[in-house]
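Letters go in sequence order (proteins before strands), and every chain restarts at 1. When reading the values below, keep in mind they use all heavy atoms of this one structure, side chains included, and skip hydrogens, waters and symmetry mates.
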Amino acid sequence: MEDYELFDENTKAFIYGTQQRAAQRMLDFDFMSQRDEPSVAGFITPAGGGYYQLFWGTKEIRLPRYTSVEEAVKAHPEADVMVNFASERSSAESTMDALEADSIRTVIMIAEGVPQRDVRKIAKIAKEKNKWIIGPATVGGIKPGAFKIGNAAGTMQNIKDTKLYRRGSVGFVSVSGGLSNEGYNIVARNTDGIYEGYAVGGDVYPASTLIDHLLRFEKNPNIKMMVSLGEVGGKDEYEIVEAIKAGKITKPLVMWVTGTCAEMLPGGVQFGHAGAKADSKADTAKAKNNALKEVGVVVPESFDDYGEKIKETFQKLKKEGKIEPIDEPTPPHIPMDYKQAVAENLVRKPTNFISTICDETGEVHNYCGEPIDEVIKKGYGLGGVIGLLWFKKDIPQYARDFIELVLQIVADHGPAVSGAHNTIVTARAGKSLIESIISGIVTIGPRFGGAVNGAAKHFTWGLENDMEPREFVSAMKKKNVRIQGIGHRIHSVDNPDVRVELMIGFARKHFPKTPLLDFALSVQGITTMKKNTLILNVDGCIGVLFVDMLKNLGYTDDKIKEMVDMGFFNAFFIIGRTIGFMGHYFDQKRLQAGLYRHPWDDILYDVPDKPEKVK
Amino acid sequence: MAQKGIREYDAKRMMVKALPEYSDGAFSLEAKQVIIGPETDLEKLVKENPWLKTEKLVAKPDQLFGKRGKNNLLYVNKSWNEVKKWINERMNKEVTIKQTTGETTGMLTNFLVEQFVPHDDEYYLAITTHRDKDTIHFSTKGGVDIEEVWDTVVTLDIPILSTIDDVNIEGFLPDELGDKKKKVADFITALYKMIVDYHIVYLELNPFTFVDNTIVPLDTVAKVDDYALYQCAEKWGDLKFPSPFGLLKTPEEEHISKLDERTGASLKLTVLNPKGRIWNLVAGGGASVIYADTVADLGFSGELANYGEYSGNPTTELTYEYTKTVLDLMTREKDSKGKPKFLIVGGGIANFTDVAKTFTGIIQAIEEYADKLKKTNVKIYVRRGGPNYKEGLQNMKNMGKKIGLPIEVYGPETHMTRIVSMALKGKEVN
């Protein structure tokens, strides 16, 4: 490769940063340009090594990740370019690392906001080492058919439309990266296309300037004419004037300096670019355009004639026989990324999942259509949120309060019950929070805590079938099924359970009607005649009151049955009791309780002398 | 953006902090200065700075403009009561400042009050920064318009990759400094080290003087590279970047700059001539400049109503708000001569911004303003390229049909600014 070239079709580059999409765009360009191999050798990602998966056409390939410039250049001494996507805070440092690596010749600094003094030093060091920096604050640039820097030149469609997959005869360099696509478009429509195109970046001191690239273009015999787009502010364009005067630039140059309107704007208006501000008369766009025109640069009257001037200049060269015809290649098709195809309504696919309770894809996450900030502002409370996410309904205040009441009542029932016991034993075995509470939760079922669901089921069955309480009790007895939610270890008719009384009191006061509770209490009237402790217990009370709540909320009996079958009612017990399990876990950790070992004297060892032999 | 002017107060505050550090204690400045804004509690200020009542004082506006003496805005060798009265008479008043670049009118809102220092010698010192070097400028004839005595200024370049300790400062200073030469050299060295570490891109002391063998800066101008904020947050302390003097924002401009601050996207609006007929609604910083240029270059600068841009992929809500603000301004009244107005919805070929998406907000706003646009005889021209541009342009055409508004729509096949010459000069598409 000649020293006036920065890239060719064998150029290999590192991507500094995690920009997989930019790398994919480079690979797609490579593929379209019919390069033999991808132009990306690998990534430099200080946070970690490994691989990134990218596409080469339709085939998926792996590209390595390295954690330092040093490591990367050791593995790929053939790579002489680094596209530096590091943030403005670390761009200078990583660029310095690359300048120190012998095998890297060109670094493109993408970040905007790198301190000037740092860039000035980098620019000088690069020049002394005979290396190239493009940027900072640039999208980069492109050498058609050979190498594309990161996100330069936009979409594949744009690359195709402006024929950037093959080389033309025009060298293009602009200050602005945002306008480079437009520049390529204008050149493509008025000439045989771009040979090379770069944006040096809008900083006050871009590390390489317009003149640096124009001088390279001048030396390159494949470039027949040059097109440039300057900007108000700074004096870099005067270097072009001087170079032309000194005979260092002889090829036709069409150029326009933007910002002629700056003088009519009030004093301090700064355009988007850091460098785009005139501090003296010589910095103005008008002064620069005039100076360029005076030394023979083709300067249009306004940007509106820019394209026509380029066309005229190119046609003149063509007439002079200086332009060789291009053998137009047919670029291979690049598969579109699925995301892009979706954005353009070109494809569709069935989804694998459905969510009807919430949506986190909008600006604010919502619960059943209610944005979370509204949930807080409107005071839904925990009960209201459960209403939204479990019932998919904005339930009335009494229902929210009842749910919260239940959660408080079931939150804990001492360390001796199976769930809490398991949690404690697991915590003491040194396991984590999640492991400990899971071991507690798995004990919840038909025997522990599960009576809520069972009671709901049993009593509903009785009420649905219009049974008299006595009839119901004997029917259950005939089936040999214990009525769930009836009976307590200690409490009795004379010594009622305050928790049950609380819930019944709440329901009587707030529920519009309580048909199942009424039924259950009349059943209790029968059972307590048999035994004083066969009262409606906490689980039973919760079960029947939830059914009543749902009836009040307008659920049909079928729907309620479906919910019971889903284990809906147990859910309140699980979520409430988990609070207690976690309490026990934290308690054990704070106590630094050691591994629990069950005492021998609490175990009956009744092991046979020898196993029974089976033939 | 990059080079930003700072208040004299802040520049001196930095010197007070940095000079002892960079001169191994050889120089120290007294921090006898305060800044007074419209909200400053003067009672409290005096309590915290008792020297205000005992010293003779200097007062001057501190709002990024120079030539304060020539504009009668320098109040020297006065008591605190006199200074209070002087400031009170000027606070929140509009003044017109004459400078070498022309006249600027703006509101006085910030005054620097410092100890008055009687002195004889007045020296000029400036440090400027350039691509390959920093340059130190020095003259023993400070305190005046330095351009008038420019031949007395000596300069010394410090290449970007060298350090000040390698440079013979004394050697470049004029001999007439006599026995003060070493002291000035040491002062310059310390100051230079400070501007490097503090990322100051321009510093001018005009003048500074000697009092009892100590250096005192009298008038100071400085600019810093605000890109270096992340390196200099502690060094700079509480540093605010005031708007340039004379930039009074209209409510609409204020509204847009608030929206701009709220997001990562960029929204800019400057109203140049509210009666202008040509309103630009252009995507991208570079393109927006070119559209404004072209209006002026085609000879219609008097008709150019605004400069503005939206870029950085703003949300639909933001582009809607932005468009609404522009449309509201342009449809307030008909052109006095009954000529048509033009809305230029322009832009280059976007890299990755979804054109159809950004157009959604613009279309919403135009539909909302349809009646007003018709009443004020507005014609709309659109030109844009980039991802999804075909859909975006089609949506624009459909909108025009739906609301019955004249609209012309073009893509990348049409030169970027052609819609400007078509609107203004009836130029053909190609």
Side-chain angles (χ1 to χ4, degrees), chain A residues 88-89 113-117 120-121 123-125 128 139 151-155 157-158 161 174-179 181-182 184-186 189 202-205 231-232 258-262 264-277 285 301-304 306-307 340 343-345, chain B residues 1-3 101-102 104 129-132 159-161 196 199 201 225 227-228 230-231 243-247 266 268 270 272 284-290 292-298 301 304 307 309 311 315 348-352 354 385-388 391 412-413 415-418 420-421 427:
Chain A
E88 67 275 16
R89 291 177 178 226
V114 185
Q116 289 169 21
R117 188 165 287 276
R120 289 162 60 204
K121 282 185 188 159
K124 188 76 184 169
I125 291 168
E128 283 179 0
V139 68
N151 292 320
T155 56
Q157 188 58 46
N158 190 54
D161 290 348
S174 66
V175 171
S176 163
L179 278 171
N181 279 355
E182 195 60 49
Y184 304 152
N185 180 47
I186 294 171
R189 287 182 193 277
D203 267 5
V204 180
Y205 300 113
E231 213 170 63
V232 58
T258 72
T260 52
C261 69
M264 49 183 302
L265 303 184
V269 173
Q270 163 103 43
F271 295 133
H273 289 144
K277 186 165 185 293
E301 289 301 306
S302 78
F303 184 82
D304 209 37
Y306 191 50
Q340 185 60 31
E344 295 184 20
N345 296 325
Chain B
M1 262 158 264
Q3 304 202 340
T101 47
T104 318
T129 54
H130 314 273
R131 171 177 292 281
D132 292 333
I160 179 73
L161 294 181
V196 170
H199 286 266
V201 295
D225 174 5
Y227 282 170
Y230 74 93
Q231 290 181 20
S243 319
F245 183 70
L247 261 197
S266 173
K268 304 262 181 298
T270 305
L272 301 171
S288 67
V289 175
I290 292 182
D293 281 355
T294 305
V295 173
D297 294 335
L298 293 177
S301 53
L304 180 59
Y307 167 75
E309 63 151 302
S311 60
T315 61
I349 299 174
N351 237 359
F352 297 109
D354 187 317
N388 239 346
E391 191 189 327
E413 70 290 343
H415 186 67
M416 190 173 89
T417 54
R418 191 54 33 96
V420 176
S421 43
K427 214 168 178 178

Set out, in order, the CA-CA distance, both residues' side-chain angles and the distance that settles side-chain contact (heavy atoms from CB on, under 4.5 Å) for V420(B) and D304(A), then state yes or no. CA-CA 8 Å; V420(B) 176; D304(A) 209 37; 5.8 Å; no
Out of curiosity, E301(A) CD to T294(B) OG1, how far, rounded to the nearest 0.5 Å? 12.5 Å
side-chain contact (heavy atoms from CB on, under 4.5 Å) between D225(B) and V204(A): does it pass, once the steps are laid out? CA-CA 10 Å; D225(B) 174 5; V204(A) 180; over 6 Å; no
Contact origin within A153(A) toward chain B - heavy atom pairs under 4.5 Å: backbone
I160(B) portion near chain A, given a 4.5 angstrom heavy-atom threshold: both
Among residues at least two apart in sequence or on other chains, which ones pass side chain to side chain donor-acceptor pair (under 3.5 Å) with T129(B)? none
Could you state the interatomic distance from CG (L179(A)) to CD1 (I290(B)), rounded to the nearest 0.5 Å? 4.5 Å
Nearest-0.5 Å distance that lies between atom CG in N181(A) and atom CZ in F352(B): 8.0 Å
Which pair of non-hydrogen atoms, one from T155(A) and one from P387(B), has the smallest distance, and what is that distance? CG2-CG, 3.5 Å
Rounded to the nearest 0.5 angstrom, the CZ-CD distance for R189(A) and E413(B) is 6.0 Å
Between P115(A), A123(A), A152(A), S302(A), which has the largest tally of heavy atom pairs under 4.5 Å with chain B? P115(A)
Residue among Q157(A), K124(A), E128(A) with most heavy-atom pairs under 4.5 Å to chain B: K124(A)
Can you measure from CE (M416(B)) to CG (N185(A)) and round to the nearest 0.5 angstrom? 10.5 Å
Region of S301(B) that comes under 4.5 Å of a non-hydrogen atom in chain A: both
For Y306(A), give me all partners under ring-ring contact (aromatic ring centres under 6.0 Å, His included), at least two apart in sequence or on another chain. F303(A)
For V139(A), is it the side chain, the backbone, both, or neither that has a heavy atom closer than 4.5 Å to a heavy atom of chain B? side chain
Selection from G385(B), G348(B), G386(B) maximising heavy-atom pairs under 4.5 Å formed with chain A: G348(B)
Any donor and acceptor pair, going by atom type alone, linking the side chain of R131(B) with main-chain N or O of Y205(A) inside 3.5 Å? no
Looking at N351(B), is its backbone amide N or carbonyl O close enough to the side chain of N151(A) to form a donor-acceptor pair, meaning the two atoms are under 3.5 Å apart? no
Walk me through whether Q3(B) and Q116(A) qualify under side-chain contact (heavy atoms from CB on, under 4.5 Å). CA-CA 9 Å; Q3(B) 304 202 340; Q116(A) 289 169 21; 3.1 Å; yes
